[in-house]
Amino acid sequence: MTITEPVKPKRVRRRAKPLIRSAGIRLALVYAAVFGLSAFALAVSLWYSTVGLLQRQVEVAIRNDATALGDHLTVGGVPSLALAIRDRLANNVDGDAIYLLIDPLGNHIVGNLDRWPQGLTQTETWYELPVTRQGVNSIALLRAYTVVGGDQLLVGRDVRARAELRHVLQDGLLWAMGMMAVLGLIGALVIRSLFRRMIREISTTTRAISRGDLARRVPQTGDGDEFDELAQIINDMLERITRLMDGVREVSNSIAHDLRTPITRARTRLEDASLHANTTQELKAAIEQATDDLDGIVAVFQALLRIAEIEAGARRSAFAKIDLTPLLIDIDELYHAVAEENGLYLKTTIAEKLPLLGDRQLIQQAVTNLLDNALKFSPQGSYIRFTAQIESGVIEIIVADNGPGIPEEDRSRATERFYRAESARHTAGSGLGLSLVAAVAQLHSGTLTLADNRPGVRAILSLPTQTV
Amino acid sequence: MRILVVEDDKDVAGFVVKGLREAGHTVEHADNGRDGLFLAASENFDAIILDRMLPGGIDGLRLLETLRAQDNVTPVVFLSALSQVDDRVKGLKAGGDDYLTKPFAFAELLARVEALTRRGKTDGPTTKLAVGDLEIDLLARGVKRSGQKIDLQPREFRLLEYLMRHAGQVVTRTMLLEGVWDYHFDPQTNVIDVHISRLRQKIDKPFEIPLLHTVRNAGYMLRSEDV
């Protein structure tokens, strides 16, 4: 057997990882990006719905004005148009309407603009240009129209107020964006630290375990959240690993100690025969005995391996829905004759239907082990009771004898491998029978209980019908 | 019978070959999968004893699968150190007829090989079996000896049927456990011996000539003296 060197704990300080490799940072960045994008989308839609609406309203007003003035032109020509403009300027309540009519030479005919704005070259096109009105600088939305005879009409609205509003809005949105960016970043950092804290417990525990401290467990907060669940799963896994390792350790100890005896016996026998046997007959007898010893050792091996196989849970793939009743009746039939032959009475009561999700062969073997034990330890003429019943979803298979029993203090150890009570030392057997039954019970999420039968042992194999 | 042994361990192979020859069989031996497959495919054998882990690139399972793919139905007994339940299932699924784990008793191997070769011959729809003056009717589930009716429990009947089907051959306790009770493990108690002795009480005790014999260190055999 080779013993692997325990892995040296890594003392190297963990190097700082590139930031992007940290899941916390990644999560935080994704959070910030999603937050920022949604904030940006909100701002953009706000911008378009307010500023765009105002713009459209002004455009509609200008168009309506132009149409009305066009009507004046068709009815009364340029003089009528000029009159109408004058009229409008006089009645201009909000004071932001702008009109200008010029002749083909560019001379001012009528209007509240001092001169034709620079840069306005095309008719029937929207312009937003700075204008000077009564010496005051402003911004206007303008549209020029050609009037018959080469005159040109300019209709517009002063939009300084609107432009100011736009600026305010723009500034506000920019500020908001800045705030959002900051908030997003803070949120991201908070998420990252939360994330870190949640996995820190798990990572410190698992690191401790990989250094060899197998007793460590992930602490649970008890909130029942996802991380709690994960902690629970990890703890269950650790529990199982520990159990398996204990099993392996136990098996290797057992092999080292308990198999030494029969191997020594076989070896001694052979050596003794080779040194001292005088006749072929003696030699043959010794060899035959040694072969039997070896067969016994193989049987022990086989039993150990089988128990290990069961404990590892590998057999769960062979689980099927079975009815235990015929199976137990078969076993009863097999053992009834044996009991009679040994001068014992086997009293059997088996319920009519015992459905179970389980492994047929293993249940068979477990129950025959219990009966083997009962037969082995029962005094002549005594009773063995073999009962199988189902009660609130749990099948109980009970084998009760009136043998010497197991002393109270030894009962909990009776299912350990190779354990043999003082009183059983002189009987045949390997001390593995009950270990196998216990392993089978555990595989089926059940239990094996050994109780006092006054006198004798009452072995109760409880198997829940609904195993997960 | 002509038997092929495919086994790479020299000692085990030598022991098996010698034992089989002593039992009156003709034996060929191959110590790797390639030669084993070549022999098995090119010549006629009554049975093949096959190790699972073999050198030569072809292991026992592959060898058997290849053989079965060629419609070769020679009975095969696996002889393997792989002893887990899954291993056994794999071996039988691949087309093996029986599976024996190492270490093994030669008597067990011999009994199983001989039982297999017989099984191949009497697979027809037999309804009646007879050994000496003992006869059983498989349809009516009736047993008679010297014309005298014998009452058997259903399980005793199956035990007898198994023994009759292998009349003249050694039948081991594990074969009976597997074949009659479908138990793939050895109970510590001598259950088989008890049931055999009960059967003997019914079919042999009242009559002059015993038919059911105990074979030392091996098992039982049902045979009439004149066979």
Side-chain angles (χ1 to χ4, degrees), chain A residues 284 288 291-292 294-306 308-310 312 314-315 317-318 326-327 329-342 344 359-376 378 427-433 436 440, chain B residues 11-12 15 19 80-90 92-93 99-109 152-159 172-174 176-202 216-219:
Chain A
K284 255 196 174 158
E288 253 170 48
T291 312
D292 283 350
L294 285 173
D295 280 349
I297 295 166
V298 169
V300 170
F301 254 116
Q302 203 76 347
L304 277 174
L305 287 175
R306 198 156 165 101
E309 193 185 352
I310 295 165
R315 294 291 309 267
S317 55
L327 183 150
I329 288 175
D330 268 6
I331 294 176
D332 171 56
E333 189 214 298
L334 190 63
Y335 276 84
H336 213 87
V338 182
E340 268 174 38
E341 212 73 17
N342 294 350
L344 299 165
D359 187 311
R360 205 186 144 73
Q361 264 190 49
L362 291 182
I363 302 275
Q364 270 176 348
Q365 196 168 358
V367 176
T368 53
N369 273 6
L370 291 179
L371 285 169
D372 280 336
N373 271 348
L375 284 173
K376 200 157 62 181
S378 285
T427 54
S430 57
L432 288 170
L436 186 130
V440 170
Chain B
D11 291 328
V12 175
F15 173 56
S80 170
L82 301 172
S83 67
Q84 297 212 330
V85 180
D86 277 356
D87 298 323
R88 189 191 155 83
V89 170
K90 253 184 230 159
L92 298 184
K93 257 195 193 144
Y99 198 100
L100 195 59
T101 49
K102 290 179 191 170
F104 59 96
F106 181 74
E108 184 78 38
L109 177 67
L152 291 186
Q153 305 279 328
R155 188 70 63 169
E156 287 169 341
F157 185 85
R158 282 191 51 191
L159 180 58
T172 65
R173 290 174 181 82
T174 44
L176 287 173
L177 273 171
E178 283 173 20
V180 181
W181 278 272
D182 194 24
Y183 285 10
H184 295 270
F185 56 91
D186 278 325
Q188 293 168 46
T189 319
N190 54 343
V191 281
I192 295 300
D193 296 351
V194 171
H195 282 265
I196 288 283
S197 98
R198 297 212 145 192
L199 184 63
R200 199 174 261 154
Q201 289 283 325
K202 291 188 178 176
R216 200 173 156 273
N217 282 339

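Residue numbering restarts at 1 for every chain, and letters A, B, ... go by the order of the sequence lines.
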Fill in the blank from the handout: Interatomic distance, CG@A/Leu334 vs OH@B/Tyr183, rounded to 0.5 Å, equals 5.5 Å
Problem - Distance (rounded to the nearest 0.5 Å) between A/His336 NE2 and B/Arg198 CZ - result: 8.0 Å
Exercise for the section: Verify the neighbour count for atom NZ of B/Lys202: are there more than 12 heavy atoms of other residues, nucleotides or ligands below 6.0 Å? Expected result: yes
Are the side chains of [Y] and [X] in contact, using a 4.5 Å heavy-atom criterion?
X        : Y        : value
A/Gln302 : B/Phe185 : no
A/Glu341 : B/Ser197 : yes
B/His184 : A/Gln364 : no

Check each atom of [X] against the heavy atoms of chain B and say whether the ones under 4.5 Å are side chain, backbone, both or neither.
X        : answer
A/Asp295 : neither
A/Leu371 : neither
A/Val338 : both

Counting heavy-atom pairs under 4.5 Å with chain B, which one of [options] comes out on top?
options                                : result
A/Leu294, A/Asp330, A/Val298, A/Asn342 : A/Asp330
A/Asn373, A/Thr368, A/Asp372           : A/Asp372
A/Thr291, A/Ile331, A/Leu305           : A/Ile331

Exercise for the section: Can you tell which part of B/Asp186 gets under 4.5 Å to a heavy atom of chain A, answering side chain, backbone, both or neither? Expected result: neither
Problem - Atom group of B/Arg155 that falls short of 4.5 Å from chain A, counting heavy atoms - result: both
Practice task
Look at B/Arg216 together with A/Glu288 and state whether they make a salt bridge at an N to O cut-off of under 4.0 Å.
Solution key: yes
